[in-house]
K.L.:
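Okay, handing you the structure first.
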Amino acid sequence: MTDFFGDIAPVRFDPNASDDLSYRHYDPDEMVMGKRMEDHLRFAVAWWHSFAWPGGDPFGGQTFERPWFGDTMALARMKADVAFEMFALLGQPFFCFHDVDIRPEADSFAENTRRLEEITDYIGQKMAAGGPQLLWGTANLFSNRRYMAGAATNPDPDVFAFAAATVKTCLDATHKLGGQNYVLWGGREGYETLLNTDLKRERQQAGRFLSMAVDYARKIGFEGAILIEPKPQEPTKHQYDYDVATVYGFLKDFGLEKEVRVNIEQGHAILAGHSFEHELALAAALGIFGSIDMNRNDYQSGWDTDQFPNNVPETALAYYEVLKAGGFTTGGTNFDSKLRRQSLDPVDLLAAHVGAMDVCARGLKAAARMLEDGALETARRARYAAWDQQRALLDSDLASIADRVMAEGTNPAPVSGRQERLENIVNRYV
Ligand code: XLS
Ligand code: NI
Ligand code: NI
């Protein structure tokens, strides 16, 4: 036991609670559309922002003082101890990590691997003792300076090799811990200027890299989903995994659209100029919906602020799309979320997660009621109903269609899109 959280008691569901640390809406056992709320939402805590992030911003460094900050394996174990203490307090079913979050960085690949294996075993023992499960693991291929010009897309083949070897070790660790997914977020897989970039070659490197990761995952018997996390810019200006549509085109290009799905982050959708629900609906329509990072951005600052979700109408519309897509299978709701850098206290870390889980629970319940009520779906179906009689149109050709339109002499009458009325319906639930 560490004493980081002091005598804070485990967070419980109590709709009438008056304290900071109770779930007022997240009742894991409440049935929503025939399924337990915990099994719908599948919450995950992100190791990096909660335990590894020091609180820096572009103008200043560390604000958090955590007793486990440092680069020894003993401190990495303390970090894991605190993480599992927080998991026990929150009772969430999953967590996620990058390799660099759980082990200190060494100066050789061999030592990095040895440390990763050692801490993986340590975490595995904690999981076996009753902790949460692993939603996904991933490799950090963006922080170290060797990756400044990309990992898979680096002009230097030795960097490609280092990154590929690192992904192998992270797939091994994820598989060993029973991870349900493996995520690749291509932080530096993009470019700053075409003046020094061979775009075509870099895309091909990225495609080959992803194919190798998929092949290796299947070879070791990893049955989880492989997920790409789209993001349009930041860190690099032009990212090859800009948004869901771009990732789908990329997957098609390399024949991976049946092998790889997407992990969609709310803040990244906004940075790409989309709504979160657009990205979710598109992924579902393309058959590549996987998982979500439920962290929003600040709408004024225009960068990836990774805030905990705190807007019920937004989460409701997101879960509406998740439910329509059939819900999560291997995926879940990961809080890839940071505290604000002034939120120094251990209790802030807990309260942030408690509030976020409650906001998501409210969103899920509202989404379920909207679906059960059916008003939105009835209106949507009605809007396309004429197609039921006219399906043959899609098997026709332009000349035949022109003949028909000429003969019938019809001039279609526009119909209301009813947007305000539909928005009013949503507002009755959120
Ligand atoms: C960064 C990404 C990152 C991924 C995992 O913007 O969201 O945190 O989720 O590498
Ligand atoms: Ni992000
Ligand atoms: Ni993310």
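One-based numbering, in listed order, for ligands and for the atoms of each. Just so we're clear, the structure is a prediction, and the values are computed from it rather than from any experiment. In this chain, numbering begins with 1 at the start of the sequence shown.
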K.L.:
Measure the distances from the heavy atoms of Phe97 to every atom of ligand 1 and state whether one is below 4.0 angstrom.
P.N.:
no
K.L.:
In terms of the angle between their ring planes, are Trp47 and Phe87 parallel, tilted or perpendicular, with boundaries placed at 30° and 60°?
P.N.:
perpendicular
K.L.:
Would you check if the distance from the ring center of Tyr26 to the ring center of Phe13 is below 6.0 Å?
P.N.:
no
K.L.:
Once you measure the plane-to-plane angle for Tyr191 and His238, does it fall in the parallel (<30°), tilted (30-60°) or perpendicular (>60°) bin?
P.N.:
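The rings of Tyr191 and His238 lie parallel, inter-plane angle below 30°.
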K.L.:
Just jot down the side chain to side chain donor-acceptor pair (under 3.5 Å) partners of Glu277, sequence neighbours excluded, or say none.
P.N.:
none
K.L.:
Would you please name every residue forming a side-chain contact (heavy atoms from CB on, under 4.5 Å) with His278, sequence neighbours left out?
P.N.:
His274, Ser275, Leu282
K.L.:
Would you kindly specify which portion of Asp293 sits under 4.0 Å from ligand 1, judged on non-hydrogen atoms: side chain, backbone, both or neither?
P.N.:
side chain
K.L.:
Mind checking side chain to side chain donor-acceptor pair (under 3.5 Å) for Asp39 and listing every partner two or more places apart, or none if nothing turns up?
P.N.:
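Counting only residues at least two positions away or on another chain, Asp39 forms a side chain to side chain donor-acceptor pair (under 3.5 Å) with Arg36.
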K.L.:
Name whichever N, O or S atom of Asp304 ends up nearest to the Ni ion (ligand 2).
P.N.:
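Nearest to the Ni ion (ligand 2) within Asp304's N, O and S set: OD2.
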K.L.:
Please verify whether a non-hydrogen atom of Val183 lies at under 4.0 Å from ligand 1.
P.N.:
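Under 4.0 Å: no for Val183.
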K.L.:
Output the list of atoms in ligand 1 that are nearer than 4.0 Å to some heavy atom of Glu229, sorted by atom number.
P.N.:
2 (C), 3 (C), 4 (C), 7 (O), 9 (O)
K.L.:
Closer than 2.8 Å to the Ni ion (ligand 3), which protein N, O or S atoms?
P.N.:
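Protein N, O or S atoms closer than 2.8 Å to the Ni ion (ligand 3): Glu229 OE2, Glu265 OE1, Asp293 OD2, Asp336 OD2.
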K.L.:
Using a strict cut-off of 4.0 Å, indicate which atoms of ligand 1 neighbour a heavy atom of Glu265.
P.N.:
7 (O)
K.L.:
Check whether any heavy atom of Glu234 sits under 4.0 Å from an atom of ligand 1.
P.N.:
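False for this residue.
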K.L.:
Is the NZ or CZ atom of Arg146 both under 6.0 Å from the centre of the six-membered ring of Phe162 and within 45° of that ring's axis?
P.N.:
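Yes, Arg146 lies over the aromatic ring of Phe162.
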K.L.:
Using a 4.0 Å heavy-atom threshold (strictly under), name the region of Asp304 that reaches ligand 1: side chain, backbone, both or neither.
P.N.:
side chain
